[in-house]
Amino acid sequence: MQRLVIFDLDNTLLDRQGPLTDWITSFCAQYTLDEHAQDRLLQVLRERAGPDTFKAIRSEHGLEPAPEKLWHDYSAYMARSVTCPPDVIEGLSMLRRAGWKVVVATNGGTEIQTAKVTTSGIADHVDAVCTSEEVGERKPGITIFEKAAAACGADLTLGGWMVGDGVDTDIRGGEAAGLHTIWISGSRPWPGGDKAPDHVTDDAGQAIKLLLTMAA
Ligand SMILES: [Mg+2]
């Protein structure tokens, strides 16, 4: 099998949940929103966010600013706030030194996801980044996996690994794309039923250590 590893971005290589919670707290303080609104925002923004999400948020909470401004403020905050743990950055670098092709495949807008990859320092340690916006299809669709492999000079049909925290998007999607899978559990029990991923690790740092031990 070729040494190809495709990583999910949010809550896999970087922590999106921490900055998201902080952003919601300050947003609710700024617009005088109550705890119920805080819970709703967490629910709505947990999986994804885009300009349309902020149209819905603006109308649900009766906010004055244009949705474009709300989206811009949110994405600017997230882009400058996400971080990647030092052991993950070092691990990505070690994978490439060991001959792995390393690529990010992420569901999201190109502008915000690219900004996050750059701010967190990940951009310097991967061969390519693929976003669902530029590909025109979200995970678990197979196109984004194909494009991600091709973007780093690999061929998806020759196999590889998918590492991510999303059960359907990353693990089921990765399997359908013919990849071996590592699920980033964040200490959660596997919720996906009988067909388990090939491996489960708490975080991306441990997944990388595991990959480095494999003779691909
Ligand atoms: Mg994720």
Side-chain angles (χ1 to χ4, degrees), residues 4-24 41-50 53 74-75 77-79 81-85 87-89 91-92 95 102-123 125-126 128-135 137-145 147-149 151 160-177 179-192 196-208 210-211:
L4 164 68
V5 54
I6 303 177
F7 285 98
D8 168 52
L9 183 65
D10 290 321
N11 295 326
T12 294
L13 290 180
L14 50 79
D15 170 28
R16 175 175 181 267
Q17 202 56 40
L20 177 62
T21 308
D22 293 346
W23 178 84
I24 289 172
L41 286 165
L42 196 55
Q43 201 182 339
V44 169
L45 294 168
R46 189 184 302 275
E47 290 306 322
R48 60 190 291 190
T53 327
Y74 166 85
S75 49
Y77 178 91
M78 291 301 282
S81 305
V82 290
T83 56
C84 179
D87 69 312
V88 174
I89 294 281
L92 294 172
L95 282 168
V102 180
V103 55
V104 173
T106 172
N107 283 346
T110 301
E111 194 179 338
I112 183 170
Q113 297 306 76
T114 306
K116 282 149 74 176
V117 165
T118 305
T119 310
S120 60
I122 291 169
H125 301 281
V126 295
V129 177
C130 254
T131 70
S132 60
E133 184 183 57
E134 80 187 44
V135 168
E137 186 180 75
R138 294 170 64 84
K139 295 176 286 183
I142 196 168
T143 311
I144 188 165
F145 296 99
K147 299 271 184 188
W161 288 84
M162 175 67 208
V163 180
D165 71 305
V167 173
D168 293 324
T169 50
D170 300 321
I171 303 307
R172 296 290 177 246
E175 284 164 3
L179 298 166
H180 290 286
T181 55
I182 303 176
W183 182 56
I184 303 302
S185 72
S187 303
R188 296 167 293 166
W190 169 249
D198 292 298
H199 297 280
V200 175
T201 63
D202 272 352
D203 57 42
Q206 290 177 24
I208 290 170
L210 185 62
L211 290 170

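Atoms within each ligand, like the ligands themselves, are counted from 1 in listed order. Heavy atoms only: backbone and side chains are in, while hydrogens, waters and symmetry mates are out.
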- Please name all residues satisfying salt bridge (charged side-chain N to carboxylate O under 4.0 Å, His left out) with Lys139, sequence neighbours left out, ordered by chain then number.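 Salt bridge (charged side-chain N to carboxylate O under 4.0 Å, His left out) check on Lys139 returns Asp8, Asp170.
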
- What residues form a salt bridge (charged side-chain N to carboxylate O under 4.0 Å, His left out) with Arg172, not counting sequence neighbours?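 By the salt bridge (charged side-chain N to carboxylate O under 4.0 Å, His left out) rule, Arg172 matches Glu175.
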
- Message: If we count only N and O atoms by modelled type, under 3.5 Å, do the side chains of Gln113 and Thr106 hold a donor and an acceptor together?
- Response: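 Result is yes, a qualifying pair exists.
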
- Below 4.0 angstrom, N of the basic side chain to O of the carboxylate: do Asp10 and Lys116 qualify?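 Salt bridge flag = yes for Lys116 with Asp10.
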
- Considering residues at least two apart in sequence or located in another chain, which fulfil the ring pair (Phe, Tyr, Trp, His ring centres under 6.0 Å) criterion with His180?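 Checked His180 against ring pair (Phe, Tyr, Trp, His ring centres under 6.0 Å); matches are Trp161.
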
- In the protein, how many N/O/S atoms are under 2.8 Å from the Mg ion (ligand 1)?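 Number of qualifying protein atoms: 3.
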
- Query: So, Thr12 side chain and Leu9 main chain: donor-acceptor pair closer than 3.5 Å or not?
  - Reply: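 No, Thr12 side chain to Leu9 backbone: no donor-acceptor pair under 3.5 Å.
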
